[in-house]
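Step one of this worksheet: look at the structure below.
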Amino acid sequence: MESRADIGVVGLGVMGRNLAANIQDKGFGVVGFDADATQRGRAAADGLVAAASMEVLVVGLRGPRAVLLLVPAGPAVDAAIATLRPLLAAGDIIVDGGNSHYPDTIRRGRELAAAGLGFVGLGVSGGEEGARHGPALMAGGDAAAWGRLEPLLTAIAARFDGQPCCGHVGADGAGHFVKMAHNGIEYGQMQLIAEACLLLRHAAGLDWPAAGTAVAGWNAGEDASYLLAITGDILATRDGQSGRPLLELTADRTGHKGTGVWTVEAALGLGVPVPTMAAAVWARALSATRDQGAVDGAYAAPAAPLAAGDIGVALAAASLVAYAEGLDLIAAGAAHHGWRTDRAAVAELWRAGCIIRSATLDRIAAALRAEPGNQSFLDRRWTRGQLADALPAWRRVLAAGADIGVPLPAFAAAFHHAAGRAAPEVGARVVAAQRDRFGAHGFARIDRGGTHHAAWDGK
Ligand SMILES: NC(=O)C1=CN([C@@H]2O[C@H](COP(=O)(O)OP(=O)(O)OC[C@H]3O[C@@H](n4cnc5c(N)ncnc54)[C@H](OP(=O)(O)O)[C@@H]3O)[C@@H](O)[C@H]2O)C=CC1
Ligand SMILES: O=C(CO)[C@H](O)[C@H](O)COP(=O)(O)O
């Protein structure tokens with residue numbers, strides 16, 4: 001290998017192959033490697049230089065060397081690092097661009113720093129198309145390593161109004177934490193759109209293509225998003241053989257690779273409410289475990305069709321709650337780990353390239369800049385105003401779902417999260433008293449300070 005490349009890409013599957021091609025298009029030299037010879041052959045056929053081994057890849061890099069990993073999260077990342085480590089020297093950098101769990105990233109960063117190697121945990125979003133033409137990139141870790149990679153990463157990232165959707169969001173595991181929260185929002189919004197589709201068909205009485213037209217109509221509005229755009233297309237897609245809507249022939253169950261579960265686990269650990277995301281994780285689990293053979297009849301017919309417009313209003317509001325949950329989780333994660341993560345900057349870098357990109361994010365970023373502070377994004381004036389306007393339609397949607405029996409776990413969870421923050425009472429005083437009664441756990445009073453205990457014996 002004569003000329004030295006600027007970066008090595010290890011893992012030439014869906015993401016690695018496309019990111020490598022993107023990097024090459026922007027004028028940087030790339031050399032790739034994949035454990036699978038078929039993937040190497042495919043990459044070579046696409047015009048990429050594919051090394052026959054990790055050793056050959058490393059020899060082909062100019063120093064100080066940078067290697068980007070796009071291998072499955074978990075043991076494959078440790079295995080790739082173990083192979084690379086003896087081949088690299090102090091000052092070289094490893095970047096993990098997969099969906100790694102952030103505690104693993106923190107551990108790997110410490111281990112590699114002890115060996116004098118830089119390490120960046122890079123959240124990458126945008127799927128195959130984003131990787132090829134411009135993903136959103138959330139970098140965490142070593143600031144010096146980030147500084148060296150910034151020109152390349154900025155060049156390949158998506159752009160919103162000319163601004164690159166790429167940034168350093170904090171030390172060690174911050175990049176993968178932010179990507180994890182992104183995926184939690186993604187889960188919430190995907191489930192909300194799925195519930196909206198159920199309502200369009202069963203409460204508003206539309207067939208699949210008409211539901212697609214309604215979703216495409218929402219996507220022409222002020223809350224246009226990538227997920228709405230692809231769902232409009234999905235609803236309009238027909239099976240090539242039968243001509244029937246392909247969704248009608250699609251099994252009603254789905255799986256996951258784990259990032260949604262990690263998000264909810266992290267939120268539980270930090271005490272941050274993320275009920276919309278959690279409802280989406282449970283909905284996937286329910287879909288995968290229920291006995292579809294035991295399904296009983298159809299939904300009840302609505303007394304009167306629900307207006308599609310109500311569903312769209314409720315969907316926009318519930319999607320905003322999902323964004324708020326993710327942003328609150330990022331704030332809590334940053335405070336806990338000591339990361340300097342700017343939520344407005346994160347919202348800005350999600351405006352293009354990533355799966356949760358939407359027109360709403362530009363308004364969210366502006367609201368975060370206009371009203372700085374540490375409070376929940378749901379408690380801000382701007383957010384409360386947006387949600388208050390949607391409440392009447394949202395209530396009608398929930399009532400219609402209950403009337404005909406359509407399950408709406410994410411719509412309901414988002415509603416109760418938003419309503420709970422603004423409600424005059426949430427019932428917690430009764431729970432506090434019960435805890436104090438059976439466990440002497442104490443309770444706070446509103447008329448004096450300190451922690452109190454009472455017999456609560458009815459006298
Ligand atoms: N697909 C997507 O939309 C997105 C994926 N991601 C994340 O990006 C990462 C990569 O995903 P994706 O490209 O879809 O995965 P793929 O399975 O398509 O590709 C991964 C490739 O890495 C190879 N590989 C595994 N271990 C090694 C190793 N030690 N050395 C060299 N090659 C190795 C695999 O080979 P083999 O099959 O032989 O093991 C495989 O060809 C994952 O963490 C994923 O979660 C992030 C955003 C979006
Ligand atoms: O990170 C992604 C998008 O942002 C990936 O597509 C992710 O793998 C999707 O998650 P899951 O398989 O759990 O639905």
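Side-chain atoms are counted along with the backbone in the values below, which use heavy atoms only and exclude waters and symmetry mates. Remember, it's 1-based here, ligands and their atoms both numbered in the order they're listed. Just so you know, these numbers come straight off a predicted model, no measurement behind them.
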- Evaluate the 4.0 Å heavy atom contact test for atom 6 (N) of ligand 1: does a protein atom fall under the cut-off? yes
- Message: Below a 4.0 angstrom heavy-atom separation, can you tell me which part of V71, side chain or backbone, both or neither, approaches ligand 1?
- Response: both
- Query: Quick one: which of T83, T259, D34 has a heavy atom closest to atom 40 (C) of ligand 1?
  - Reply: D34
- Message: Ring-plane angle category for W382 and F377, please: parallel below 30°, perpendicular beyond 60°, tilted otherwise.
- Response: tilted
- Mind checking the CZ-CG spacing from F415 to L398? Nearest 0.5 Å is all I need. 6.0 Å
- Got a salt bridge between D342 and R369, using NZ or NE/NH1/NH2 to carboxylate O under 4.0 Å? yes
- Query: Can you find an N/O atom of H256 closer than 3.5 Å to an N/O atom of ligand 2?
  - Reply: no
- Close-contact set for ligand 2 against Y187 heavy atoms, below 4.0 Å: 11 (P), 13 (O), 14 (O)
- Message: Please tell me if atom 32 (N) of ligand 1 is touched by the protein, where touching means a protein heavy-atom distance below 4.0 Å.
- Response: yes
- At a non-hydrogen distance cut-off of under 4.0 Å, which region of R42 contacts ligand 1 (side chain, backbone, both, or neither)? neither
- Could you find the nearest protein heavy atom to atom 11 (O) of ligand 1 and give me its residue, atom name and distance? M15 CG, 4.0 Å
- Message: Checking Q163 against R351: is there a side-chain donor and acceptor pair closer than 3.5 Å?
- Response: yes
- Note on the structure: Within the 4.0 Å heavy-atom cut-off, what A79 brings close to ligand 1 is neither
- Between R284 and ligand 2, which residue portion shows a heavy-atom distance shorter than 4.0 Å: side chain, backbone, both, or neither? side chain
- Under a 4.0 Å heavy-atom limit, does Q39 contact ligand 1 with its side chain, its backbone, both, or neither? side chain
- Region of V124 engaging ligand 1 - heavy atom pairs below 4.0 Å: backbone
